[in-house]
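Every number for a ligand or one of its atoms is a count from 1 in the order of the listing.
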Amino acid sequence: MGTIIDGAHWADISRQETAQKVHALKKEGVTPHLVVLLIGDHPASASYVRGKEKAAQSVGITSDIMRFPAETEEQVILDTLDRLNQDPLVHGILVQLPLPAHMNEQRVVARVAFEKDVDGFHERNVGALSIGTNRIVPCTPLGVMELLRYEQIDLAGMHAVVIGRSNIVGKPMANLLLQANATVTICHSRTKNMRDWTRQADLLVAAVGIPRFVTADDVKKGAVVIDVGINRVDGKICGDVDFSSVESVASKITPVPKGVGPMTIAMLLSNTVRAAQMQQQG
Ligand SMILES: Nc1nc(=O)c2c([nH]1)NC[C@@H]1CN(c3ccc(C(=O)N[C@@H](CCC(=O)O)C(=O)O)cc3)C=[N+]21
């Protein structure tokens with residue numbers, strides 16, 4: 001039976017490290033400040049954003065939530081971002097996704113100054129990650145790497161299989177695993193005989209967005225299984241991994257909730273501090 005990786009515990013440790021860095025910045029007269037733009041009324045967003053605000057407060061980062069009605073014109077958001085980009089007291093900017101359908105997500109995300117892009121979605125940050133000169137790295141895959149580091153899992157030479165190829169998780173995850181010297185395979189919706197790949201994985205990262213997509217038959221005995229999924233089924237959240245069956249095959253496994261999710265939030269705080277440090281150094 002596999003060990004359960006306690007994401008809530010490791011997120012707590014990570015937040016303590018971040019709080020110390022915040023403390024050091026404050027001594028230099030800098031209080032890291034995060035602004036979250038919440039546009040529209042996507043059901044889960046309001047509660048996620050409150051969670052981010054609480055977490056920021058817990059490490060001494062100040063934050064503002066700017067709320068906009070769903071029908072807000074895109075230009076209003078772009079103008080707001082221009083103003084926040086110019087404001088020296090703002091170190092991090094996050095535009096909560098998804099955006100209302102009438103907005104162009106690419107265009108809005110691209111408008112956040114890359115130095116303040118704490119999501120790591122700006123093409124400058126994406127490009128840096130892909131050539132290995134990492135600046136700000138997307139929170140979820142960064143959180144996964146931190147979990148693996150805390151758990152002392154040495155990735156060199158491992159076969160890591162990532163299911164999912166999104167810009168937010170799958171692609172940056174693959175890049176980070178490559179940097180850690182894993183052999184990386186990316187599977188996706190058009191992959192044929194996916195199980196032939198996943199069964200070879202020493203590390204399996206599920207970022208598909210389909211509840212309980214990965215079952216015990218997809219997993220090699222002793223593999224490490226990381227579940228990035230956040231799905232809502234019958235009012236409860238569950239991951240992309242069928243935890244109850246996979247748990248008995250895996251050597252280590254992250255649960256949902258209290259796995260990758262809390263680390264994602266912890267990395268947002270860490271990225272905000274990183275952004276403040278980089279702006280401080282100029
Ligand atoms: N620009 C942007 N950046 C994001 O990082 C971003 C976003 N937009 N839009 C929405 C998604 C979703 N997301 C989550 C992060 C942590 C948990 C989390 O901590 N979940 C808890 C459970 C929470 C619950 O019970 O509802 C857990 O897994 O234990 C969930 C969801 C960040 N997102």
A.B. asks: For atom 4 (C) of ligand 1, what is the nearest protein heavy atom, given as residue, atom name and distance?
C.D. replies: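 Here the closest protein heavy atom is Lys52 NZ, 3.5 Å.
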A.B. asks: Using a 4.0 Å heavy-atom cut-off, which part of Met263 comes near ligand 1: side chain, backbone, both, or neither?
C.D. replies: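 No part of Met263 is near ligand 1 at this cut-off.
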A.B. asks: Give the atom numbers and elements of ligand 1 that come within less than 4.0 Å of a heavy atom of Pro257.
C.D. replies: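 Numbered from 1, ligand 1 contributes 22 (C), 27 (C), 28 (O), 29 (O).
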A.B. asks: Salt bridge or not between Arg50 and Glu53? Use side-chain N to carboxylate O under 4.0 Å.
C.D. replies: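 No, no charged N to carboxylate O under 4.0 Å.
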A.B. asks: Measuring from non-hydrogen atoms of Pro262 to any atom of ligand 1, is the shortest distance under 4.0 Å?
C.D. replies: yes
A.B. asks: Phe121 versus ligand 1: do any nitrogen or oxygen atoms come within less than 3.5 Å of each other?
C.D. replies: no
A.B. asks: Tell me which one of Ile230, Leu94, Ile265, Asp119 gets a heavy atom nearest to atom 20 (N) of ligand 1.
C.D. replies: Ile230
A.B. asks: Taking only residues two or more places apart in sequence, or in another chain, which ones meet Ala24 in a side chain to side chain contact (heavy atoms under 4.5 Å, CB included)?
C.D. replies: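 Partners of Ala24 by the side chain to side chain contact (heavy atoms under 4.5 Å, CB included) criterion come out as none, since no residue qualifies.
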A.B. asks: Which of the numbered atoms in ligand 1 are below 4.0 angstrom from a heavy atom of Lys258?
C.D. replies: 27 (C), 28 (O), 29 (O)
A.B. asks: Consider ligand 1: state whether an atom of it lies below 4.0 angstrom from any non-hydrogen atom of Val256.
C.D. replies: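 No, that is not the case, since the closest heavy atom of the residue is not under 4.0 Å from the ligand.
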A.B. asks: Can a donor-acceptor pair be found between the side chains of Thr140 and Thr264 at a distance below 3.5 Å?
C.D. replies: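 Distance-only check passes for Thr140 and Thr264.
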A.B. asks: Can you tell me the protein heavy atom closest to atom 16 (C) of ligand 1 and the distance?
C.D. replies: Gly261 O, 3.4 Å
A.B. asks: Under 3.5 Å, is there a donor-acceptor pair linking the side chains of Lys116 and Gln279?
C.D. replies: no
A.B. asks: Listed by chain and number, what are the salt bridge (charged side-chain N to carboxylate O under 4.0 Å, His left out) partners of Asp12, not counting sequence neighbours?
C.D. replies: Arg15
A.B. asks: So if I count the atoms of ligand 1 from 1 in the order they appear, which ones are less than 4.0 Å from some heavy atom of Arg232?
C.D. replies: 26 (O)
A.B. asks: Tell me yes or no: between the side chains of Thr183 and His159, is some donor less than 3.5 Å from an acceptor?
C.D. replies: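 Thr183 vs His159: no donor-acceptor pair found between side chains.
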A.B. asks: If only side-chain N and O atoms count, and only distance matters, is there a donor-acceptor pair under 3.5 Å linking Gln179 with Asn175?
C.D. replies: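 Asn175 vs Gln179: no donor-acceptor pair found between side chains.
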A.B. asks: If the cut-off is 4.0 Å to any non-hydrogen atom of Val95, which atoms of ligand 1 fall inside it?
C.D. replies: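 Listed by number with element: 1 (N), 2 (C).
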A.B. asks: At what distance is the nearest protein heavy atom to atom 30 (C) of ligand 1, and which residue and atom is it?
C.D. replies: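 The closest one turns out to be Tyr48 CE2, 3.3 Å.
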A.B. asks: Write out the residue and atom name of the closest protein heavy atom to atom 7 (C) of ligand 1, then the distance separating them to 0.1 Å.
C.D. replies: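 Result: Gln96 NE2, 3.5 Å.
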A.B. asks: Less than 3.5 Å apart, any donor N or O on the side chain of Thr272 or His91 sitting next to an acceptor on the other?
C.D. replies: no
A.B. asks: State whether Arg212 and Asp240 are salt-bridged, where the test is any N-O pair (Lys NZ or Arg NE/NH1/NH2 against Asp/Glu carboxylate O) under 4.0 Å.
C.D. replies: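 Looking at Arg212 and Asp240, the cut-off is not met.
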A.B. asks: Mark up the atoms of ligand 1 that fall under 4.0 Å of a heavy atom belonging to Ile237, in ascending order.
C.D. replies: 22 (C)
A.B. asks: Is any NZ, NE, NH1 or NH2 atom of the basic residue among Asp218 and Arg199 found under 4.0 Å from an Asp or Glu carboxylate oxygen of the other?
C.D. replies: no
A.B. asks: Where is the nearest protein heavy atom to atom 9 (N) of ligand 1: which residue, which atom, and how far?
C.D. replies: Leu97 O, 2.8 Å
